[in-house]
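Here the structure is laid out as structure tokens; the discussion comes afterwards.
Numbering starts at 1 and runs along the sequence shown. Values below: all heavy atoms of this structure, side chains included; hydrogens, waters and symmetry mates excluded. Note that this is a predicted model, so its numbers are computed, not measured.
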Amino acid sequence: MANSKQSQTRRLKMSERAQQQLALHFPEVPETLLWRRKSNDGFTTVPRPLPIAMQAIDETSKGAPAGHALFCLWARAPDNPLVIVENPATFAAETGFTGERATDTWRKRMRRLRDLGFISTKPGPSGEFHFILLLNPNIAVEMMRCKGQVQDGLYGRFIARVADVGAAGDWTAYQETLEAAEKAAAANSEALDKAVKRKKGAK
């Protein structure tokens with residue numbers, strides 16, 4: 001697994017190569033027609049494997065695909081994983097839902113995303129989904145895979161893409177966090193049991 005410095009160096013090399021190819025193949029395109037993060041406003045950071053995660057979501061949500069709804073949340077994120085939904089109707093419209101039941105349809109998609117592990121939610125002034133925490137989609141896809149919800153072909157493309165962008169360690173780091181939490185809980189439980197036994201023995 002590449003460390004952060006190695007991953008950054010790799011991204012720089014990829015960016016430099018892309019710039020060389022751009023200058024070679026599209027020299028006639030004016031700079032003002034291009035969208036550049038460093039010079040254009042209105043951007044956020046999105047996980048590169050997100051399109052594959054969206055496919056995984058849609059494949060398990062036949063008749064009610066929620067992949068695009070997840071993308072809209074990421075597009076609204078202020079470079080921070082917490083999205084505050086002041087007006088659900090606005091999010092519903094941006095996701096493509098119209099009509100009297102647009103907001104209800106959007107809420108159903110949010111429940112699906114929550115069930116699949118892509119978001120965590122808390123209620124607030126605007127309702128059930130006022131606070132939406134965007135969770136790591138790379139980990140969510142791995143969790144889906146463990147439940148048999150991601151087919152081999154799609155999963156193969158996913159792990160290749162995750163490795164390509166240097167995010168192969170996300171799942172391992174999450175598992176290590178869970179194991180550490182379980183060990184801490186077990187140690188606390190053991191300490192509590194010993195304390196109870198000592199208290200009983202003192203009586």
Any Lys/Arg nitrogen of Asp152 or Arg145 sitting under 4.0 Å from an Asp/Glu carboxylate oxygen of the other?
yes
Using modelled atom types and a 3.5 Å cut-off, is there a donor and acceptor pairing between side-chain atoms of Asn138 and backbone atoms of Asp170?
no
pair Val165-Pro49: side-chain heavy atoms closer than 4.5 Å
yes
Check ion pair Asp41-Arg36 (N to O, under 4.0 angstrom)
no
Can you name the closest pair of heavy atoms from Ala56 and Met144 and give their distance?
O-CE, 3.5 Å
I'd like to know if the side chain of Thr44 reaches the main chain of Pro78, judged simply by a donor and an acceptor atom lying under 3.5 Å from each other, with no hydrogens or angles considered.
no
Going by distance alone, is a donor N or O of one side chain under 3.5 Å from an acceptor N or O of the other, for Gln149 and Tyr155?
no
For Ser61 and Ile57, work out which heavy atoms get closest and say how close.
OG-O, 2.8 Å
Heavy-atom donor-acceptor pair, Arg157 side chain to Ile52 backbone, under 3.5 Å
no
Is any side-chain heavy atom of Thr95 closer than 4.5 Å to a side-chain heavy atom of Met110?
no
Identify the two heavy atoms, one from Val83 and one from Leu134, that lie closest to each other, and give their separation to 0.1 Å.
CG2-CD1, 4.0 Å
So do Phe43 and Asp79 actually touch side chain to side chain, heavy atoms under 4.5 Å?
yes
Please confirm whether the backbone N or O of Phe131 pairs with a side-chain atom of Thr121, one donor and one acceptor, at under 3.5 Å?
no
Is there a side-chain contact between Glu16 and Gln21, using heavy atoms and a 4.5 Å cut-off?
no
Leu22 versus Leu34: any side-chain heavy-atom pair under 4.5 Å?
yes
For the CZ atom of Arg101 and the CZ atom of Arg107, what is their distance to the nearest 0.5 Å?
10.5 Å
Are the side chains of Gln55 and Phe158 in touch, meaning some heavy atoms are under 4.5 Å apart?
no
Note: Ser126 and Pro88 closest approach over all heavy atoms is O-CG, 3.7 Å
Quick one: CG on Leu133 to CG on Asn80, what's the gap to the nearest 0.5 Å?
8.5 Å
Taking the six-membered ring of Phe91, is the NZ or CZ of Arg76 close enough (under 6.0 Å from the centre) and on axis enough (within 45°)?
yes
Salt-bridged, Glu142 to Lys147, with N to O below 4.0 Å?
no
Interatomic distance, CZ@Arg17 vs NZ@Lys13, rounded to 0.5 Å, equals 8.5 Å
Measure the shortest side-chain to side-chain distance between Phe118 and Leu70 over non-hydrogen atoms and say whether it is less than 4.5 angstrom.
yes
Using atom types as modelled and distance alone, determine if a side-chain donor or acceptor of Asp58 lies under 3.5 Å from a backbone N or O of Gly67.
yes
Does Cys72 reach the side chain of His68, with side-chain heavy atoms less than 4.5 Å apart?
yes
Might you work through the ring pair (Phe, Tyr, Trp, His ring centres under 6.0 Å) test for Trp74 and Phe71, ending with a clear yes or no?
CA-CA 5 Å; Trp74 277 96; Phe71 174 79; 9.6 Å; no
Test item: His130 side-chain N/O and Val85 main-chain N/O as donor-acceptor pair under 3.5 Å:
yes
Between Arg112 and Asp115, does any side-chain N to carboxylate O distance fall below 4.0 Å?
no
Would you kindly confirm whether Leu50 and Ile139 end up in one hydrophobic cluster when ILVMFWY residues are joined by side chain heavy atoms under 4.5 Å apart?
no
Shared hydrophobic cluster, Val46 / Leu73 (ILVMFWY, side-chain heavy atoms < 4.5 Å)
yes
